[in-house]
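Residue numbering restarts at 1 for every chain, and letters A, B, ... go by the order of the sequence lines. Keep in mind the model is a prediction, meaning the values are calculated, not measured.
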Protein chains: 2
Amino acid sequence: MQAFKELLDNSSLKATHQRIAILNELAKKGHASIDEIYESIKQSFPSISLATIYKNIASLKEKNIVSEVCNHQKTKFEITKEPHAHLICTKCGAIEDIEFKNSINKEIEKDYPNSKKELSIYSLCSKCI
Amino acid sequence: MQAFKELLDNSSLKATHQRIAILNELAKKGHASIDEIYESIKQSFPSISLATIYKNIASLKEKNIVSEVCNHQKTKFEITKEPHAHLICTKCGAIEDIEFKNSINKEIEKDYPNSKKELSIYSLCSKCI
DNA sequence: TTCTGTGCAAATCTTTTGCATGGCA
DNA sequence: TGCCATGCAAAAGATTTGCACAGAA
């Protein structure tokens, strides 16, 4: 995935196999926890270490390449993208990205200009509906 | 605090000193982490154990008497109250309760009726502004 | 009196760290 | 080649559990 290499180059992080694998995993799953990432990458890359996942998630967060999503269960991570809201399924726990409506954003900006906003909606996801 | 005793009675949780102390602490601070609660209660109640705080926060959450607030740092808790949003200070880390505007609520309800919603705004709190 | 809750200590997870070695630029 | 990143193992931190005893109802 050439795009990830560039992303890392631009952030002065070396494009190691491990980092690319983590980003691929997040791209594939959308949202994943530290040990979901670890267990999955270990299949194709048995020598990878948990500590490497922790260290890389930390540096990728610092560079704002990945973001943390809180769901009151196991913390998950996603590749940072356009602002969006999260739908957290009250049945299966899945996280879905949903639109962060511009009307809502504007309403908040009135009182808190240039603020980062996190909106989570707890309801049924598209599979459980 | 008589009100807390009733709250506990109604949830079939015994109104122990420890539970009342935890609820008082949360009422006083607004938002506190497990060990902030522990350190503070220990002053006036030296025999209290960390495990008791954990167990009680778990049962109080289960009964929806307290809620968890995620701030991407140390998880904090608050006494469950009217729906509201959180302002999380990007300078000092403080959490403030702010209004969850009805217009925003309505906008979300159109698409996700009867959903629980969490909105966090990262900006400067009233003290750091 | 009964049964839930507490406190302690141990067990379990989770996350971080130090350091020698490996590998990208 | 020069550094940053990796992997391992150990350390540190956070959370949970089991059990005997205490205390609310």
### Task
For A/A58, answer base if it contacts any base atom (sugar-phosphate contacts may also be present), sugar-phosphate if it contacts only those atoms, and nothing otherwise; contact means non-hydrogen atoms under 4.0 Å.
nothing

### Message
Expressed as a whole number of angstroms, how long is the span from B/L23:CG to C/dG5:P?
### Response
14 Å

### Query
So which of A/I88, A/I37, A/I95, A/I34 actually passes side-chain contact (heavy atoms from CB on, under 4.5 Å) with A/K76?
A/I95

### Test item: A/E96 side-chain N/O and A/S126 main-chain N/O as donor-acceptor pair under 3.5 Å
yes

## Note on the structure
Here the distance between atom C1' of D/dC8 and atom CD1 of A/I53, to the nearest Å, is 15 Å

### Task
Give a yes or no answer on whether the side chain of A/R19 reaches the backbone of A/L8 with a donor-acceptor pair at less than 3.5 Å.
no

### Message
Whole angstroms only, please: what is the CG-P distance between A/N10 and C/dA25?
### Response
12 Å

### Message
Check the orientation of B/H72 and B/Y122. Use parallel for under 30°, tilted for 30 to 60°, and perpendicular for over 60°.
### Response
tilted

### Query
Is any side-chain heavy atom of A/E78 closer than 4.5 Å to a side-chain heavy atom of A/L26?
no

### Query
Taking everything shown except B/E62 itself, do over 12 heavy atoms lie less than 6.0 Å from its CD?
no

### Query
So, do B/T90 and B/S123 sit near enough that their side-chain heavy atoms are less than 4.5 Å apart?
no

### Summary
Separation of D/dA24 atom P from B/F4 atom CZ, nearest Å, is 18 Å

### Message
At a heavy-atom distance below 4.0 Å, what parts of residues 59-73 of chain A sit against DNA chain C?
### Response
none

### Query
Does B/K5 have a side-chain nitrogen or oxygen under 4.0 Å from the phosphate oxygens OP1 or OP2 of D/dA25?
yes

### Message
Between B/S11 and B/I65, is there a side-chain heavy-atom distance shorter than 4.5 Å?
### Response
yes

Under 3.5 Å, N/O pairs linking protein and nucleotides 11-15 of chain C:
{"from": "C/dT14", "atom 1": "OP1", "to": "A/K74", "atom 2": "NZ", "distance (Å)": "3.3"}
{"from": "C/dT15", "atom 1": "OP2", "to": "A/Y54", "atom 2": "OH", "distance (Å)": "2.2"}
{"from": "C/dT15", "atom 1": "O5'", "to": "A/Y54", "atom 2": "OH", "distance (Å)": "3.1"}

### Message
Quick test of your reading of the model: are A/E109 and A/K106 salt-bridged, counting only N-O distances below 4.0 Å?
### Response
no

### Close side-chain approach of B/K91 to B/C125, heavy-atom, < 4.5 Å
no

### Task
Hey, can you tell me if B/H31 and B/H86 have their rings parallel, tilted or perpendicular (30° and 60° cut-offs)?
perpendicular

Enumerate the protein-to-nucleotides 2-6 of chain D contacts in which both atoms are nitrogen or oxygen and the separation is below 3.5 Å.
{"from": "D/dC3", "atom 1": "O2", "to": "A/K14", "atom 2": "NZ", "distance (Å)": "3.4"}
{"from": "D/dC4", "atom 1": "O4'", "to": "A/K14", "atom 2": "NZ", "distance (Å)": "3.4"}
{"from": "D/dA5", "atom 1": "OP1", "to": "A/R19", "atom 2": "NH1", "distance (Å)": "2.9"}
{"from": "D/dA5", "atom 1": "OP1", "to": "A/R19", "atom 2": "NH2", "distance (Å)": "3.0"}
{"from": "D/dT6", "atom 1": "OP1", "to": "A/T16", "atom 2": "OG1", "distance (Å)": "2.8"}
{"from": "D/dT6", "atom 1": "OP1", "to": "A/N56", "atom 2": "ND2", "distance (Å)": "3.3"}
{"from": "D/dT6", "atom 1": "OP2", "to": "A/N56", "atom 2": "OD1", "distance (Å)": "3.1"}
{"from": "D/dT6", "atom 1": "OP2", "to": "A/N56", "atom 2": "ND2", "distance (Å)": "3.2"}
{"from": "D/dT6", "atom 1": "O3'", "to": "A/Q18", "atom 2": "NE2", "distance (Å)": "2.7"}

#### Entry: Separation of atom CG in A/D9 from atom C1' in C/dA25, rounded to whole Å
9 Å

